[in-house]
Amino acid sequence: AQSVAQPEDQVNVAEGNPLTVKCTYSVSGNPYLFWYVQYPNRGLQFLLKYITGDNLVKGSYGFEAEFNKSQTSFHLKKPSALVSDSALYFCAVRDGNNFNKFYFGSGTKLNVKP
Amino acid sequence: GAGVSQSPRYKVAKRGQDVALRCDPISGHVSLFWYQQALGQGPEFLTYFQNEAQLDKSGLPSDRFFAERPEGSVSTLKIQRTQQEDSAVYLCASSLVFSGGPIGELFFGEGSRLTVL
């Protein structure tokens, strides 16, 4: 069965410090992995995706994610956090057998303090 | 429009009422998805359309839920005889690509928040 785990409900980081938001996945077949961000009362916005190729994926707003096949992880990272990065972050995996379905994690609330 | 548009943004219904939620996807997007997001949770898949064809409705929680996309553009999610457990944010997403094609990301609307009293 396909699933995504985000082990941290909340991550707190000081502005200017690096941030990591963790995600592990379980999928049959090739993993297609995504990160989305959600601001209050807004829909989800696409940040980046891993389909194939380099394990380090660069995305919007300075975010990047590292795909690790052996650890089945896809952690989101940013070298220097901004207060405006504070939001809810969702990791998602696309079903390897059914491209119609994305499976989302429960979300991680990122708090960046000035 | 430039993005996915959903209406109404907020809907309060009395238990037992029927509701209809509308989604206007990005022009030209072939694929359209409906997701349900309960409070504090990630979105959960409800149904998928490729153009006007509903190819997957395996996520619809009961036969009270019905979705359509008759002309392959605007979609409506209808919930009959609403129950309190239906309270959630209903997200619509569209994608340029279709099942089996390149792996494209989803573009989400802002959602319709349904509260059933």
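In what follows, every chain begins at residue 1, and chains take the letters A, B, ... in the order their sequences are listed. Computed from a prediction, not measured in an experiment: that's the story for all the values here.
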Applying a strict under-4.5 Å side-chain criterion to I, L, V, M, F, W and Y, I'd like to know whether B:Leu46 and B:Leu21 cluster together. yes
Rounded to the nearest 0.5 angstrom, the CZ-CG distance for A:Phe104 and B:Leu106 is 6.0 Å
For B:Tyr35, is it the side chain, the backbone, both, or neither that has a heavy atom closer than 4.5 Å to a heavy atom of chain A? side chain
At a heavy-atom distance under 4.5 Å, which candidate from A:Arg42, A:Gln6, A:Gln45 has the highest pair count against chain B? A:Arg42
In the structure I gave you, are the side-chain heavy atoms of B:Pro43 and A:Phe90 within less than 4.5 Å of one another anywhere? yes
Name the region of B:Tyr10, side chain, backbone, both or neither, that has any atom closer than 4.5 Å to a heavy atom of chain A. side chain
Is A:Val21 linked to A:Phe67 within one hydrophobic cluster, defined over Ile, Leu, Val, Met, Phe, Trp and Tyr using a side-chain heavy-atom separation of less than 4.5 Å? yes
Do A:Leu76 and A:Tyr32 sit in the same hydrophobic cluster, where Ile, Leu, Val, Met, Phe, Trp and Tyr count as joined when their side-chain heavy atoms come under 4.5 Å apart? no
Check whether A:Trp35 and A:Tyr50 end up in the same hydrophobic cluster, where Ile, Leu, Val, Met, Phe, Trp and Tyr are linked by side-chain heavy atoms less than 4.5 Å apart. yes
Using the rule ring pair (Phe, Tyr, Trp, His ring centres under 6.0 Å), only one of A:Tyr36, A:Phe102, A:Tyr39, A:Phe46 pairs with B:Phe108; which is it? A:Tyr36
Looking at B:Leu117, I'd like to know if its CG atom is crowded, meaning that more than 12 non-hydrogen atoms belonging to other residues, nucleotides or ligands lie closer than 6.0 Å. yes
For a quick test of reading the model, state the closest non-hydrogen atom pair linking B:Glu105 to A:Phe34 and the distance between them. CA-CE2, 3.9 Å
Closest non-hydrogen atom pair between B:Phe33 and A:Arg94, with its separation: CZ-NH2, 4.1 Å
Test of understanding: clusters of I, L, V, M, F, W, Y form through side-chain heavy atoms closer than 4.5 Å, transitively. Do B:Trp34 and B:Val89 belong to the same one? no
For B:Thr47, which atoms come within 4.5 Å of any heavy atom of chain A: side chain, backbone, both, or neither? neither
Chain B contact via A:Gln38 - which portion, at a heavy-atom distance below 4.5 Å: side chain
Is the number of heavy atoms from other residues, nucleotides or ligands under 6.0 Å of A:Gln10 CD greater than 12? yes
Tell me, out of B:Arg113, B:Glu44, B:Arg9, B:Gln6, who's got the most heavy-atom pairs with chain A below 4.5 Å. B:Arg9
Check whether A:Tyr103 gets within reach of chain B through its side chain, its backbone, both or neither, counting any heavy atom under 4.5 Å. neither
